[in-house]
Amino acid sequence: MTNKIDYSKELNEAQLDAVQSIEGPHLVIAGAGSGKTRVLVYRVAYLVEKGVRPDEILLLTFTRRAAEEMLKRASLVLDERCSRVAGGTFHSFANMILRKYGKAIDLNNNFSILDDSDAQDTVNLMRTQLGFHKSEKRFPRKKAILEVISKSVNKSESLEDVLYDEYPQFMEFSEDIKKIRDEYVKYKKQKSMLDYDDLLVYLKNLLTTHEDIRLALSKKYKYIMVDEYQDTNKLQAYIACLLASGHRNIMVVGDDAQSIYSFRGANFKNIIDFPKIFKDTRIISLEENYRSTQPILDLTNEVIAGAKEKFQKNLFTRKKGNAVPVFVDARDENSQSKYVVDKILELREEGVELGDMAVLFRSGWHSNDLEVELASRNIPFMKFGGQKFVEAAHIKDILSYLRIVHNVFDEVSWLRVLLLMRGVGPKTAQSVLNEVVFMKNFKAPSEKWLKKTEDMGKLFSLLKEIDPARHSPEDLIRAFLSYYQPLLKEKYDDFHKRLNDLDSLLRIASRYKSLEQFLSDMALDPPERAIVEAGLRDKDDRPLALSTIHSAKGLEWHTVFLIYVAEGHLPSYLSLENEDDIEEERRLFYVAATRAKEKLFLLKPHLDRSPRSFMNEGGSVFTQVSRFLDEGNILGRFVEIEGAGEPEYLDDEPWEDSPRHKRGNDEEFLRMMKEHFRDQESY
């Protein structure tokens, strides 16, 4: 019987090997842009064409859409039989199996599934029943508590470890959160309810305690494929291996160099240790890249070569193009932003569409200054991963204080300011608003309102001291931050993550002398409206993409700008004392750089303020180039260096020869970083 598909014509040599290798355990290391999805699509078609029944094939992915797209493509490649392959997410598969076999572990098959909102409400019910809502100290809210519990499950770590690593502000409530967790588990069991994490936990328990069911499932699903294996958590990897234990016909596909989701529970060791679990694993590497030019791949190959643990691969391409990646040493944050905007406009004139360009960054707050610059130049953009700067609640809070200074009749801002106060609800806020604004009693409200909350008295005392004619926008923000910080901690569980945004606001304000001009610029049309208008002018003119690196994985653009390529930013200061964390930061750099097809710009602001300067007048600190560009003379060998304004304090020696460029004493550097970045977490 001849094959309907000429696989050797459709696939390169390594892809063909992966598609036609069907017996036994296989690990496909799919380098960035190497056609990973193509391999899975054609392997499904190949198995079906070879006579394997579709319902004997199991394809596990991370989104339902990914599975549906792959099976749809396989059906187009071969025929409709491929649509009958069992494909879906780990959670949907777990749901199906537990409905059928749940009674074996005392689980009713009519259990209900809690979505994230339902789970939060259930946790809050436990929190209330245990009396923690009456705590004198500020107790974590339902969302934060559920996040801690969920991460403990997905990372297979204790609650204490999760709190210590990611929620240190809640360490004092460790025992209380444990009690909530225990009651939450009991409540769900009694009510036959499962949350998303429970689906995996119960499936793992079923497979480990009932060998007959495990073997029956292994017999049913004779060929198992897992996509994005580097993103699996311990539970998911264990489940996949248990399902394949009866026949060992399992192929996992992924890229160790793109394992960047440890904060969600993904475990890098899963892909590294796969050959240790299945001793006879065949490893197939996909190294031909169909996305990027060779100069970009030369850089990324060199960066990832420095990884401590990895599968050896060297990406190459037949694609034409010789534009070398460019490193831009900008004078400061705003110079960095202006360079990016100028270059975007220049490329746009050369015919590169806005939608074919992206600016990537490690943490959401890194784009704050750039967003303001883009808005001021009327360039539409869409931000992925992190909220747009001017739309963040805490930024709106601070701007409301400035607006009532600028215009005391601004009722909307007054209401926002009043409702931020502890002990003030909508009714009280409206009464104070009537007295202060409508009766023009701007000095202070009645004594009864001042007695209601001390926040009221503090605010009006501050307003009496402020003179917008004498104080700059930066001075005004600093003054209000001293008042606002306790309210910030009270209102937001993740207040520590918002501090960087507030410092960005200070840096932006420092460029203004006029409060009116500052507020006007911050109140420009929101990006969404600009995008709609751009769409009406030119349907092909998609907006510029701004994205965290995490949100950019799997995407690609003609031109990529990677900003803040500096120590303490990429890699993040949070990773500097942990080797595993540094390794993940290296992989983040690799993922970011491999998104570029034709042009790659790497930027570092030369002079940077401490993101906590509003707290401690930290002044300026020197920003060193990221170690990922500093090692092995990568800058000298693979990257063209370009300046964007000379730093005002540098001498005349070449930048690359300057002692400031050399990495100094690591201990001293870490001490400095701790001092300037203490108590912070990135997005």
Side-chain angles (χ1 to χ4, degrees), residues 25 44 47 52-64 66-68 71 83-116 118-119 122 149-150 152-156 181-182 184-229 231-252 265 267 270 274 277-278:
V44 167
L47 286 167
V52 178
R53 287 174 45 184
D55 60 359
E56 293 179 337
I57 304 169
L58 176 62
L59 173 62
L60 293 172
T61 62
F62 273 83
T63 65
R64 183 178 65 181
E68 290 173 349
L71 297 182
S83 65
R84 299 198 296 272
V85 166
T89 66
F90 278 91
H91 292 90
S92 65
F93 177 75
N95 176 52
M96 178 184 67
I97 299 302
L98 291 173
R99 297 286 180 191
K100 186 173 182 179
Y101 296 106
K103 288 185 178 179
I105 51 173
D106 298 323
L107 178 67
N108 292 330
N109 59 11
N110 65 340
F111 61 84
S112 56
I113 298 175
L114 299 171
D115 64 18
D116 194 54
D118 294 332
T122 307
I149 295 171
S150 180
S152 174
V153 173
N154 282 294
K155 290 191 167 189
S156 300
R181 187 267 317 270
D182 293 344
Y184 177 55
V185 170
K186 280 185 203 172
Y187 184 86
K188 288 184 295 178
K189 183 76 173 174
Q190 291 168 357
K191 305 293 183 183
S192 292
M193 298 189 303
L194 275 64
D195 62 21
Y196 293 143
D197 298 330
D198 292 329
L199 290 168
L200 300 181
V201 171
Y202 277 75
L203 177 57
K204 186 265 293 182
N205 291 343
L206 176 69
L207 296 174
T208 53
T209 57
H210 290 77
E211 185 178 10
D212 56 332
I213 295 175
R214 175 176 58 81
L215 291 175
L217 290 172
S218 229
K219 185 177 180 180
K220 176 175 175 58
Y221 301 109
K222 293 183 171 65
Y223 296 92
I224 297 172
M225 288 177 278
V226 184
D227 188 22
E228 302 284 14
Y229 195 70
D231 294 336
T232 55
N233 61 34
K234 286 184 179 180
L235 272 173
Q236 291 164 328
Y238 193 15
I239 288 168
C241 293
L242 285 168
L243 290 169
S245 59
H247 50 66
R248 303 164 63 82
N249 295 328
I250 179 171
M251 174 175 280
V252 299
N267 194 313
N270 288 345
F274 186 82
I277 296 168
F278 295 98

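Predicted model, so just to flag it, every value in this text is computed and none were measured.
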Please determine whether side chain to side chain contact (heavy atoms under 4.5 Å, CB included) holds for the pair I105 and L98, giving the CA-CA distance in whole Å, both sets of side-chain angles, and the decisive distance to 0.1 Å.
CA-CA 9 Å; I105 51 173; L98 291 173; 4.2 Å; yes
Value rounded to 0.5 Å, distance of CG in N205 from CG in D106:
11.5 Å
If we only count heavy atoms from C-beta on, is the L207 to L217 side-chain gap below 4.5 Å?
yes
Restricting to side chain to side chain donor-acceptor pair (under 3.5 Å), what partner residues turn up for R64, sequence neighbours left out?
none
Could I get the full list of side chain to side chain donor-acceptor pair (under 3.5 Å) partners for S92, not counting sequence neighbours?
T89
Please report, to 0.1 Å, the donor-acceptor pairs under 3.5 Å made by any side chain of residues 188-196, with sequence neighbours excluded.
residue: K188; atom: NZ; partner: D195; partner atom: OD2; Å: 3.1
residue: K188; atom: NZ; partner: D198; partner atom: OD1; Å: 3.3
residue: K188; atom: NZ; partner: D198; partner atom: OD2; Å: 2.7
residue: S192; atom: OG; partner: N108; partner atom: ND2; Å: 3.2
residue: D195; atom: OD1; partner: D197; partner atom: N; Å: 3.1
residue: D195; atom: OD1; partner: D198; partner atom: N; Å: 2.8
residue: D195; atom: OD2; partner: Y184; partner atom: OH; Å: 2.8

Heavy-atom closest pair, residues G88 and A67:
N-CB, 3.7 Å
For L199 and L203, run side chain to side chain contact (heavy atoms under 4.5 Å, CB included): C-alpha distance rounded to whole Å, both residues' side-chain angles, the deciding distance at 0.1 Å, then the answer.
CA-CA 6 Å; L199 290 168; L203 177 57; over 6 Å; no
Run the numbers on R84 and D55 for side chain to side chain contact (heavy atoms under 4.5 Å, CB included), then give the verdict.
CA-CA 6 Å; R84 299 198 296 272; D55 60 359; over 6 Å; no
Are the side chain of S218 and the backbone of L215 linked by a donor-acceptor contact shorter than 3.5 Å?
no
So the side chain to side chain donor-acceptor pair (under 3.5 Å) pairs with at least one residue in residues 96-105 (sequence neighbours excluded) are N95-R99
Taking everything shown except E211 itself, do over 12 heavy atoms lie less than 6.0 Å from its CD?
no
Heavy-atom distance under 4.5 Å between the side chains of L58 and K220, does that happen here?
no
Answer yes or no: is there a side-chain heavy-atom contact under 4.5 Å between E228 and T61?
no
V85 versus I57, closest heavy-atom pair with distance:
CG1-O, 3.5 Å
Between K155 and G265, the two heavy atoms sitting closest are CG-CA, 3.6 Å
Distance, nearest 0.5 Å, that separates CD1 of I224 from CG of N249
8.5 Å
Heavy-atom closest pair (D231 atom, Q236 atom, distance to 0.1 Å) is O-OE1, 4.2 Å
Could you grab the distance from atom CZ of F274 to atom SG of C241, nearest 0.5 Å is fine?
6.0 Å
For I250 and A244, the nearest pair of non-hydrogen atoms, with its separation, is CB-CB, 3.7 Å
N270 side chain to N233 main-chain N or O, any donor-acceptor pair under 3.5 Å?
yes
Who passes ring-ring contact (aromatic ring centres under 6.0 Å, His included) against F90, sequence neighbours left out?
none
Calculate, to the nearest 0.5 Å, the distance between atoms CG and CG belonging to L206 and L107 respectively.
9.5 Å
Pair listing, ring pair (Phe, Tyr, Trp, His ring centres under 6.0 Å) test, anchored in residues 205-224, at least two apart
F93-Y221
Please evaluate residues E56 and L47 with respect to the criterion side chain to side chain contact (heavy atoms under 4.5 Å, CB included), reporting the C-alpha separation (whole Å), side-chain torsions for both, the decisive distance (0.1 Å), and the verdict.
CA-CA 10 Å; E56 293 179 337; L47 286 167; over 6 Å; no
